[in-house]
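Keep in mind that what you see is a predicted model, and the values were worked out from it rather than measured. First the proteins, then the strands, lettered A, B, ... as listed; each starts at 1.
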Number of protein chains: 2
Amino acid sequence: MHNKSCIMRLSRYRSALTNLKLLNFNRVFSDNLADAAGVTSAQVRKDFSIFGLAGNRRGGYLLDDLIAQLDKILGKDKIQKFIVIGAGNMGRALLNYPGFEKNSIKILAGFDMDQSKFAPNAEIPILPLEKVKDFIAKNTIQFAIICVPVLAAPQVSEILISAGIKGILNFAPIRLKEHEHCVIENINLVTELENIIYFVNAIEKSSTG
Amino acid sequence: MHNKSCIMRLSRYRSALTNLKLLNFNRVFSDNLADAAGVTSAQVRKDFSIFGLAGNRRGGYLLDDLIAQLDKILGKDKIQKFIVIGAGNMGRALLNYPGFEKNSIKILAGFDMDQSKFAPNAEIPILPLEKVKDFIAKNTIQFAIICVPVLAAPQVSEILISAGIKGILNFAPIRLKEHEHCVIENINLVTELENIIYFVNAIEKSSTG
DNA sequence: TAGATTGTTAATCGATTAACAATC
DNA sequence: TAGATTGTTAATCGATTAACAATC
């Protein structure tokens, strides 16, 4: 099994390659791609060799080939079904995010505890949280995104995991621990901003003092 | 200067500590905190020693002390002013995100090109993009969050940097490159989800095959 | 062929962890 | 004092990079 940053890079390569394709490229060299993805060319070739992605020693890599193979590795050769828990601002933004569909990511429904948020007849329905277990089973959902308040998050993750969810992206500002039967990824918006704030201040201090 | 993951950990420690404080803790041991933040206790002590955060060899660390010192390091001892560019679903979700204010992060305004999004009299106003430069100058803003479509993102970042923005969090699905005068952090939602999908599939394969 | 790029190995680099002396 | 925890040094580990032979 490979490590997280390696997989994140594969995903970035793919994203960069689709941009290059829009510019009518047919082939790329490790150098081009490295530049677009913000890594070194040695890193690109190393990553590719790990996953058996081969090029031509003189002509680089064929764009279509490469994208197709990355799609397979990243599970983009079939639709991946998601649900969103919590239909607050962030939850609703994700329900309507236009970038998912063209990336084989489909959000089937949202869930909330607050009656005023329900929208059972919307294109992507928002349903009561107590229906989530049934919904997961009926639609064989593997993935969920958590956008509930911090206090609700641990409990919600328990419910999801016991209902059979295998992968969670958590936006609630509490670190949900990795689980034996479920991959969990945490994004903490405040932490991301604090990181930026720190480095801006650090640069200022070092240039001032 | 320290590396990104170290600073991200400091931020996570802080977040974990405020949770422990809610549970009426007065002191923590490196062990407790490590558990709450998902790292080893050696890592906690190492990080603390780098930043001169000292404890008591028998009594661990005083919670209030620790939080106050982390606040200083992370720039939380004063209000950090942000703007949001792009008032689509994601942009508006961030404008209304309740977790920022109690973390010394204040969003002063949103900006968009689409007239139908304007809301100059809202509590957090949404203004025309062409006013962004003036607004940044007048309000001495250092930080921005980009939530515009992928094609607009590079141009928007240029505008912001030339207007004096020093730190950017970018949600558009294109990697904006680090800039001499500006710290840039990219979050690509699709990449995060692809990462989860990959590891769920990898686990399934390894347990099946 | 000559030139350029891949694929891979070995070297480097840095971050994490283990271990333990200091000390409360 | 005995016991427990910090603070720090040295060892380990793994990821990144440099370099170059293979080859198109």
Applied to residues 53-101 of chain A, the ring-ring contact (aromatic ring centres under 6.0 Å, His included) test, sequence neighbours excluded, yields A:F48-A:Y61, A:F82-A:F143, A:Y97-A:F100

My understanding is that only residues two or more places apart in sequence, or in another chain, count here; which of them pass side-chain contact (heavy atoms from CB on, under 4.5 Å) with B:I124?
B:L95, B:I107

Range-with-range stems for DNA chain C, at least three Watson-Crick or G-U pairs under 3.5 Å:
C:3-24 with D:3-24

Using heavy-atom distances to pick each residue's nearest nucleotide on DNA chain D, tell me which of A:N56 and A:R9 is more 5'.
A:R9

List for me each residue that meets side-chain contact (heavy atoms from CB on, under 4.5 Å) alongside B:N186, sequence neighbours excluded, and say none if there are none.
B:N170, B:R175, B:L176, B:I184

Where at least one partner belongs to residues 27-40 of chain A, residue pairs that pass salt bridge (Lys or Arg N to Asp or Glu O under 4.0 Å), sequence neighbours excluded
A:D35-B:K177

Give me the residues of residues 25-36 of chain B where at least one heavy atom lies under 4.0 Å from an atom of DNA chain D, by number, or none.
B:F29, B:S30

If you look at every strand shown and take non-hydrogen atoms under 4.0 Å, does A:F48 touch a base, only sugar-phosphate, or nothing?
nothing

Among all residues two or more places apart in sequence or in another chain, which pass the side-chain hydrogen bond (donor to acceptor under 3.5 Å, both in side chains) test with A:D114?
A:S116

Would you kindly compare A:R57 and A:S5 by the position of their nearest DNA chain D nucleotide and give the one closer to the 5′ end?
A:S5

First-last contacting nucleotides on DNA chain D - partner chain B, under 4.0 angstrom, heavy atom
D:dG3 to D:dT9

Strictly by salt bridge (Lys or Arg N to Asp or Glu O under 4.0 Å), give each pair with a member in residues 152-173 of chain B just once, sequence neighbours left out.
none

Contacts of type side-chain contact (heavy atoms from CB on, under 4.5 Å), residue A:N89, not counting sequence neighbours:
A:R92, B:A93, B:N96

Does A:M8 CE have over 12 foreign heavy atoms under 6.0 Å away?
yes

Salt bridge (Lys or Arg N to Asp or Glu O under 4.0 Å) partners of residues 37-51 of chain A, not counting sequence neighbours, each pair once:
A:R9-A:D47

Please list all pairs passing the salt bridge (Lys or Arg N to Asp or Glu O under 4.0 Å) test where one or both residues lie in residues 71-80 of chain B, with sequence neighbours left out.
A:E194-B:K76, B:R14-B:D71

With nearest nucleotides of DNA chain C determined for A:K46 and A:G59 from heavy-atom distances, which residue corresponds to the more 5′ nucleotide?
A:G59

